[in-house]
Amino acid sequence: MEAVAVIVALMFAVFVALGVIAVVRSVRAVKRGVDRTVTQARRTVEDTRLKAKQYVQPGAPGEVAELRLSLRTSMRATQEALRAAAPDDPSLSEALALFKRLSTHGQEIDADLKRLEAEPDKARVAGSLPELRERVERVTHSADSLRWAAQDRARQFADDDLALLSEQIRMEAGALRHWTTEEEPQAAPTGAGAGARTPGAGVGAEGPEAATTAGAEPERPAITPRDTWRQPGYSWQKTRRPESTT
């Protein structure tokens with residue numbers, strides 16, 4: 001009885017532990033989903049604010065908002081493209097590492113632009129814009145290059161796979177139509193030039209003995225009967241056997 005009680009207690013402890021683990025994992029998954037949703041919402045709000053500021057505020061403030069929006073859009077598009085293609089192409093691991101380093105520079109530039117956006121001195125903002133614009137262009141150009149290269153690589157793989165698939169289908173279609181490659185039997189030549197003899201030459205050349213022999217041959221039926229069990233068929237059909245065959 002003590003052994004049974006110990007086993008029951010162990011099973012209960014195992015079930016409790018599994019339940020706790022499942023609850024913890026569920027809570028973590030829900031938390032990750034909430035954090036992801038909040039991050040996306042904040043990103044959407046920020047992008048909407050920058051778009052509105054870009055068109056509403058002319059001059060240096062609007063240009064700062066335009067630079068921030070351009071930087072954020074390019075970096076986000078490249079990140080999504082690389083992450084989507086990386087599971088199917090392990091060669092993109094180096095590209096992901098380079099993009100991670102590029103993201104550090106992009107975050108620094110975005111922080112500088114954000115501080116410049118809140119700068120009240122218009123002259124300082126106008127003086128800092130050329131250098132920040134150049135940095136933004138360098139980062140966005142590098143991000144776009146990575147994204148376009150990954151997209152071209154994926155497109156090339158798809159084209160190669162489609163070409164290989166088309167060739168395999170063509171070969172399989174030819175194999176399915178194998179009867180078209182078999183040589184058809186040539187028909188016996190007909191006409192006057194196919195072994196025809198001149199009138200009157202047969203009897204004169206062979207003599208009366210040939211006529212007697214021809215007359216002695218038994219009369220053949222007009223249609224030669226065929227065996228009922230030996231029927232012609234296609235190469236993929238089985239030949240029927242006679243009933244006496246075991």
Side-chain angles (χ1 to χ4, degrees), residues 25-26 28-30 32-37 39-41 43-44 46-48 50-51 66-107 109-110 135-191 194 226-241 245:
R25 289 184 176 179
S26 300
R28 289 180 178 177
V30 172
R32 286 195 299 268
V34 171
D35 293 341
R36 190 181 304 112
T37 303
T39 302
Q40 292 177 354
R43 183 182 303 167
T44 303
E46 184 68 13
D47 292 345
T48 304
L50 291 175
K51 289 180 181 179
E66 181 181 359
L67 290 176
R68 287 195 64 195
L69 187 61
S70 174
L71 177 64
R72 292 163 63 90
T73 303
S74 177
M75 297 296 289
R76 188 181 306 123
T78 303
Q79 183 181 29
E80 293 176 354
L82 292 178
R83 286 184 177 179
D88 298 330
D89 190 0
S91 300
L92 293 178
S93 58
E94 182 65 23
L96 283 172
L98 293 175
F99 178 76
K100 186 176 180 180
R101 295 172 54 188
L102 184 65
S103 298
T104 304
H105 293 278
Q107 292 171 1
I109 298 174
D110 186 68
R135 292 172 62 188
V136 169
E137 291 177 354
R138 292 173 59 185
V139 172
T140 54
H141 177 72
S142 299
D144 293 342
S145 298
L146 282 177
R147 183 176 70 256
W148 295 336
Q151 293 173 350
D152 292 343
R153 182 180 178 86
R155 189 180 304 109
Q156 183 63 37
F157 282 164
D159 292 343
D160 293 343
D161 184 69
L162 180 59
L164 179 60
L165 180 61
S166 300
E167 180 64 20
Q168 292 176 350
I169 291 176
R170 187 189 64 80
M171 295 177 63
E172 182 64 19
L176 292 175
R177 297 192 184 94
H178 63 88
W179 65 86
T180 59
T181 60
E182 298 177 356
E183 296 182 359
E184 297 182 357
Q186 298 180 357
T190 58
R226 62 184 181 183
D227 296 337
T228 57
W229 63 274
R230 193 181 299 276
Q231 297 179 354
Y234 295 102
S235 58
W236 60 83
Q237 294 177 338
K238 295 183 178 180
T239 305
R240 295 178 56 187
R241 298 184 178 180
T245 305

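Just so it is clear, the structure is predicted and the values come from calculations on it, not from any experiment.
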Ala150 and Leu92: which non-hydrogen atoms are nearest, and at how many Å? CB-CD2, 4.4 Å
Can you name the nearest heavy-atom pair linking Leu102 to Ser142, along with the distance? CD2-CB, 3.8 Å
Nearest heavy-atom approach of Met75 to Ala143 is SD-CB, 3.9 Å
Quick one, Lys100 with Leu96, criterion side chain to side chain contact (heavy atoms under 4.5 Å, CB included). Give me CA distance, side-chain angles, the key distance, then yes/no. CA-CA 6 Å; Lys100 186 176 180 180; Leu96 283 172; over 6 Å; no
Regarding Gln156 and Asp160, is there a side-chain donor-to-acceptor distance under 3.5 Å anywhere? yes
Residue pair Met171, Glu167: steps toward the side chain to side chain contact (heavy atoms under 4.5 Å, CB included) verdict: CA-CA 6 Å; Met171 295 177 63; Glu167 180 64 20; 3.9 Å; yes
Sequence neighbours excluded and cut-off under 3.5 Å, please list the side-chain donor-acceptor pairs for residues 81-89, or say none.
| from | atom 1 | to | atom 2 | distance (Å) |
| --- | --- | --- | --- | --- |
| Asp89 | OD1 | Ser91 | N | 3.2 |
| Asp89 | OD2 | Arg153 | NE | 2.3 |

Kindly indicate whether the side chain of Leu50, heavy atoms from C-beta on, has any atom under 4.5 Å from the side chain of Arg72. yes
Looking only at heavy atoms, which two atoms of Asp110 and Leu71 are closest? And how far apart? N-CD2, 3.9 Å
Taken to the nearest 0.5 Å, the spacing of Glu94 CD from Leu98 CG works out to 5.0 Å
Sub-3.5 Å donor-acceptor pair from the side chain of Ser74 to the main-chain atoms of Ser70, do we have one? no
Is the backbone of Glu137 close enough, under 3.5 Å, to the side chain of Thr140 for a donor and an acceptor to pair up by distance? yes
Quick check: do Arg147 and Phe99 have side-chain heavy atoms less than 4.5 Å from each other? no
